Amino acid sequence: MEAQKPNQPAKAQSQKSGSNVAGIKNAFLVILACFVVALCLFIFWFGHESHFEEGHPIDLWGTIYKGGFIVPILQTLFLTVIVLSVERWIAISSAKGKGSIEKFVSGVKKCLAANDIQGAKKLCQTQKGSVAAVVAAALVSYEEMDKNTVLSKEQKIANLQKSVEEATALEMPALQQNLPIVATLTTLGTLVGLLGTVMGMIKSFQALAASGAPDSTELSTGISEALINTAFGIATGAFAVISYNFYTNKIDNLTYAIDEIGYSIVQTFAASH
């Protein structure tokens, strides 16, 4: 029975109810809401009669409307990238916690060097966020292993490492949530824009192939559809790439901070026991 006691804290830690990262859990609702907004813009703003004169667009909004039914789809993708980018900013900011991560890491290291576990815990309570949550879980395990008289030093270090890994595994999925969708939109936005371009050029060539003089209205409509869809597709893909790489870098920095502190806690325990 005594050999099972050290495992109980790890089980309690693994039953922790959730991550410290705020964010949108259901991205489908975001996409649906963006589609409704894009459709309303397309019908009631871009397609409003004030933007046309005798069926021809007189400003940019009317020209966008001439891009055809692919436009609201591309707008949905573009709005989704914007919304999810803002959502990831809020989520990663909450994961970072209050204050500088570098100062927090440095402060925890100083407390560990002075064997001031309670001081390190207070820093975690002040900092909050994912990094602080992982450190707090590791410090709880640190104290439990420090008081344990049953396990060997190697077993204590292994349990401490396991606690750090479990706490990290709880936080990381929430940090990366919705980023795969943004990554998908980097390619999907470009491909849908290319589809709209091809459809617009088909209309243009159909106008040129008409019997007699080419229909200038149909020709301009086809070219407008091609160029508008190209522009929206490129904008969506470019913004998605920038957003994905930016937040991936932010997550890598948080991961590095977690690994650094986790390693310091384990090494401090190994050196002092």
Side-chain angles (χ1 to χ4, degrees), residues 2-23 88-177 246-273:
E2 290 184 358
Q4 296 178 349
K5 289 182 179 179
N7 294 331
Q8 292 176 355
K11 290 181 179 179
Q13 179 64 31
S14 65
Q15 293 173 354
K16 191 177 177 180
S17 58
S19 164
N20 289 271
V21 182
R88 283 297 88 192
W89 177 269
I90 296 172
I92 293 177
S93 296
S94 69
K96 181 180 177 182
K98 300 178 179 178
S100 170
I101 287 291
E102 290 76 13
K103 290 182 179 180
F104 172 68
V105 172
S106 177
V108 171
K109 283 184 175 181
K110 289 180 180 178
C111 290
L112 290 174
N115 199 27
D116 184 10
I117 304 302
Q118 295 304 317
K121 282 187 172 182
K122 289 181 181 179
L123 288 177
C124 293
Q125 293 173 355
T126 302
Q127 180 72 15
K128 299 182 179 180
S130 294
V131 179
V134 173
V135 175
L139 292 175
V140 170
S141 179
Y142 186 104
E143 289 185 321
E144 291 173 350
M145 294 300 103
D146 188 37
K147 297 175 183 178
N148 189 287
T149 58
V150 178
L151 298 178
S152 65
K153 178 179 178 179
E154 290 73 18
Q155 289 175 319
K156 291 179 180 180
I157 292 175
N159 278 353
L160 186 55
Q161 289 175 330
K162 183 179 179 181
S163 296
V164 174
E165 291 171 359
E166 288 179 348
T168 303
L170 183 67
E171 299 293 334
M172 292 310 298
L175 287 173
Q176 298 172 343
Q177 189 175 23
F246 176 79
Y247 290 117
T248 299
N249 182 63
K250 288 284 187 182
I251 293 172
D252 288 343
N253 291 337
L254 288 175
T255 304
Y256 175 78
I258 291 173
D259 292 341
E260 184 180 1
I261 298 184
Y263 179 79
S264 296
I265 292 174
V266 173
Q267 290 303 310
T268 300
F269 184 89
S272 60
H273 290 77

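Throughout, residue positions are numbered sequentially from 1 according to the sequence presented. Given the structure is predicted, the values throughout are model-derived calculations rather than measurements. Atom set for the values below is all heavy atoms of this structure, side chains included, hydrogens, waters and symmetry mates excluded.
Summarising the geometry, atom CZ belonging to F269 is positioned 11.0 Å from atom CD belonging to Q161; distances are rounded to the nearest 0.5 Å. Atoms CG and CG, from L175 and D252 in turn, are 10.5 Å apart once rounded to the nearest 0.5 Å. In this structure, the separation between CG on L139 and SG on C111 is 9.0 Å, given to the nearest 0.5 Å. The line from NZ of K103 to CD of Q127 is 11.0 Å long, rounded to the nearest 0.5 Å. For the atom pair K98 NZ and F104 CZ, the distance stands at 13.0 Å (nearest 0.5 Å). With values rounded to the nearest 0.5 angstrom, I265 atom CD1 is found 13.5 Å from I157 atom CD1.
Taking every heavy atom of both residues into account, L151 and N148 meet most closely at N-OD1, 2.8 Å. Of all heavy-atom pairs spanning L160 and A138, the tightest one is CD1-O, 3.4 Å. Residues A136 and C124 share a closest heavy-atom pair of N-SG, 3.8 Å. Nearest heavy atom pair, residue V134 against residue E171, reads CG2-CG, 3.9 Å.
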Verdict with supporting geometry, I101 and N253, side-chain contact (heavy atoms from CB on, under 4.5 Å): CA-CA 9 Å; I101 287 291; N253 291 337; over 6 Å; no
Evaluation steps, side-chain contact (heavy atoms from CB on, under 4.5 Å), between K109 and E260: CA-CA 10 Å; K109 283 184 175 181; E260 184 180 1; 2.4 Å; yes
Check against side-chain contact (heavy atoms from CB on, under 4.5 Å), M172 and I251: CA-CA 9 Å; M172 292 310 298; I251 293 172; 3.8 Å; yes
Steps toward side-chain contact (heavy atoms from CB on, under 4.5 Å) verdict (E143, Q118): CA-CA 10 Å; E143 289 185 321; Q118 295 304 317; 2.7 Å; yes
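Residues V135 and V164 are not in side-chain contact: their nearest non-hydrogen atoms beyond the backbone lie 4.5 Å or more apart.
The aromatic rings of W89 and Y247 stand perpendicular to each other, their planes meeting at an angle above 60°, with 30° marking the opposite boundary.
A donor-acceptor distance shorter than 3.5 angstrom exists from the side chain of S163 to the backbone of N159, with no hydrogens or angles considered.
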